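First up is the structure itself, then whatever we jot down about it.
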Amino acid sequence: RIHPAEDFAGMRKAGAMASQILDEVGPLVQPGTTTGVLDDYIRNRVEELGATSATIGYRGYQHASCISVNHVVCHGIPGEKALQNGDILNIDVTVIVDGWFGDTSRMYVAGKPSVKSQRLIQVTHDSLMKGIEVVRPGATFGDVGAAIQTYAEGHRMSVVRDFCGHGLGRVFHAPPNVLHFGRAGKGPVLEEGMFFTIEPMINLGRPETKVLADDWTAVTRDRSLSAQFEHSIGVTANGFEIFTPSDKFFPVFD
Ligand SMILES: CCc1ccsc1-c1ccc(O)c(O)c1
Ligand SMILES: [Mn+2]
Ligand SMILES: [Mn+2]
Ligand SMILES: [Mn+2]
């Protein structure tokens, strides 16, 4: 879909709320806390803020967030498992505000990260930003994918191919599929008024994934660590707007 200028305001509000919730849950991420407790907090905040969770009831999913720990690539189900010191985790939240969808995720660390996990998180964050920086009318989705892939593989990490970003707006998922790898100049052309997510998953080891028996949880086949960051983006006349901004988006390691 190509959106008129006035649609940006609705995306801005939904995106800001999703980001705010991820800002607020940060202090709760501690060794000993369970991912279910984090999800309960997020569910309550969505309600308090007068928004709707996009994930509760979506394709039978029953939680307000996906929480993907260590070698879980994405779609981790919140539960009774307590976080351990050094665990890295992605928390992914999508909210609906006045019909508009805000979809964002970022990495957190319980306690102290290892040097390797710190590097993985930094490279994953920076690969998302490299992809966003090429967004402008006339660029292609292959440019976006190539920017992410070149950066991540240049740091000897791998790009997950089995899951991609997506169009969004007044729906959760719409075309195009936004690939996190590709060839510059290839793929659909970006146009002003397009809204989509970019949500690269980067592995320390091989790119291959598999889904567990719960039919949701995706893990690395080689059990290597995996990280992900996601923003909702709009294409503007001369570039992009990040609808899910935050000054706390990247975990600061003291
Ligand atoms: C629980 C949400 C869900 C269910 C099937 S795919 C999916 C999902 C999770 C995170 C996302 O960013 C997304 O776009 C979709
Ligand atoms: Mn998401
Ligand atoms: Mn998404
Ligand atoms: Mn992970």
Side-chain angles (χ1 to χ4, degrees), residues 1 11 14-23 25-26 35-36 38-40 42-43 45-46 51-69 72-79 89-97 100-108 124-125 127-129 131-132 135 141 144-145 148 159-180 194-202 209-219 226-235 240 242-246 249-250:
R1 261 218 62 188
M11 287 298 287
M17 186 172 296
S19 259
Q20 176 190 333
I21 292 168
L22 286 182
D23 288 349
V25 77
T35 54
L38 300 177
D39 186 66
D40 289 343
I42 290 164
R43 184 196 307 259
R45 270 314 273 152
V46 171
T52 306
S53 166
T55 54
I56 295 174
Y58 180 73
R59 293 173 45 181
Y61 192 74
Q62 291 305 317
H63 304 274
S65 64
C66 296
I67 303 180
S68 303
V69 183
V72 177
V73 169
C74 62
H75 306 169
I77 303 174
L89 54 151
N90 176 281
I91 305 180
D92 195 328
V93 171
T94 309
V95 297
I96 310 168
V97 179
W100 293 101
F101 285 66
D103 182 0
T104 183
S105 83
R106 67 180 82 160
M107 295 302 289
Y108 301 82
T124 305
H125 171 269
S127 73
L128 170 60
M129 299 320 293
I132 292 173
V135 171
F141 282 98
V144 174
I148 295 166
V159 179
V160 169
R161 281 143 170 75
D162 303 321
F163 303 92
C164 59
H166 49 90
L168 86 172
R170 299 185 74 78
V171 294
F172 195 170
H173 294 104
N177 284 339
V178 181
L179 304 185
H180 302 123
M194 283 185 171
F195 299 161
F196 51 84
T197 71
I198 306 176
E199 45 185 296
M201 290 141 279
I202 306 297
T209 72
K210 66 181 177 190
V211 178
L212 300 184
D214 63 16
D215 289 340
W216 285 116
T217 312
V219 298
S226 184
Q228 181 177 28
F229 283 88
E230 175 180 24
H231 271 313
S232 295
I233 306 289
V235 184
F240 61 86
I242 297 177
F243 293 128
T244 49
S246 162
F249 187 63
F250 181 78

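Everything numeric here is computed off the predicted structure, so don't read it as measured data. All heavy atoms count here, side chains included; hydrogens, waters and symmetry mates do not. Both ligands and their constituent atoms are indexed starting at 1 by order of listing.
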Requested in this report: In sequence, state the C-alpha distance, the side-chain angles, and the governing distance for Ile198 and Val135, and then conclude on side-chain contact (heavy atoms from CB on, under 4.5 Å).
Outcome: CA-CA 11 Å; Ile198 306 176; Val135 171; 4.2 Å; yes
Requested in this report: Could you check Arg106 against Ser246 for side-chain contact (heavy atoms from CB on, under 4.5 Å), going step by step and ending with a plain yes or no?
Outcome: CA-CA 10 Å; Arg106 67 180 82 160; Ser246 162; 3.5 Å; yes
Query raised in the report: Checking side-chain hydrogen bond (donor to acceptor under 3.5 Å, both in side chains) for the pair Ser68/Asn90: CA distance, chi angles, key distance, verdict?
Result: CA-CA 5 Å; Ser68 303; Asn90 176 281; 5.1 Å; no
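Checked by distance only, ligand 1 and Tyr58 stay at 3.5 Å or farther apart across all their nitrogen or oxygen atoms. Polar contact check, Asp103 against ligand 1: a nitrogen or oxygen pair lies under 3.5 Å apart.
In terms of distance to the Mn ion (ligand 2), the nearest N, O or S atom of Asp92 is named OD1.
Classified by interplanar angle (parallel below 30°, tilted 30° to 60°, perpendicular above 60°), the ring pair His231/Phe249 is parallel.
Side chain of His166 to backbone of Phe172: a donor-acceptor contact under 3.5 angstrom is found.
Proximity of Thr197 to ligand 1, defined as any heavy-atom pair under 4.0 Å, is not found for any part of the residue. Counting heavy atoms under 4.0 Å from ligand 1, residue Cys74 does not touch it at all.
Distances from the Mn ion (ligand 3) show that His173 has no N/O/S atom below 2.8 Å. Here Glu199 meets the criterion, with an N, O or S atom under 2.8 Å of the Mn ion (ligand 3).
Rounding to 10 degrees, one finds that the Mn ion (ligand 3) sits at the corner of an angle of 80° between Asp103 OD2 and Glu230 OE2.
Considering only non-hydrogen protein atoms, atom 7 (C) of ligand 1 sits nearest to His75 NE2, 3.7 Å. Nearest protein heavy-atom contact of atom 2 (C) of ligand 1 is Thr55 CG2, 3.8 Å. Of the protein's non-hydrogen atoms, Tyr61 CD2, 3.3 Å is the one closest to atom 1 (C) of ligand 1. At the shortest separation from atom 11 (C) of ligand 1 among protein heavy atoms lies Asp92 OD2, 3.6 Å.
For ligand 1, the atoms sitting less than 4.0 Å from at least one non-hydrogen atom of His166 are 14 (O), numbered in the order shown with element in parentheses. Numbered from 1 in the order shown, with element, the atoms of ligand 1 that lie under 4.0 Å from a heavy atom of Cys66 read 1 (C), 9 (C). The ligand atoms of ligand 1 that sit less than 4.0 angstrom from a heavy atom of His173 are 13 (C), 14 (O), 15 (C). Near Glu199, meaning under 4.0 Å from any of its heavy atoms, are these atoms of ligand 1: 11 (C), 12 (O), 14 (O). Set against the non-hydrogen atoms of Glu230, the atoms of ligand 1 under 4.0 Å away are 12 (O). In summary, the atoms of ligand 1 found under 4.0 Å from a heavy atom of Trp216, numbered by their order in the structure, are 4 (C), 5 (C).
Ile202 has its side chain out of reach of His125: every pair of non-hydrogen atoms, C-beta onward, lies at least 4.5 Å apart. Contact check for Arg170 versus Trp100: side-chain heavy atoms found under the 4.5 Å cut-off. With a 4.5 Å cut-off on side-chain heavy atoms, Thr244 and Glu230 do not count as touching.
For Ser232 against Gly102, the heavy-atom pair with the smallest separation is OG-C, 4.2 Å.
With 3.5 Å as the limit, one finds no donor-acceptor pair spanning the side chains of Thr197 and Asp103.
The aromatic ring centroids of His173 and Tyr58 lie less than 6.0 Å from each other.
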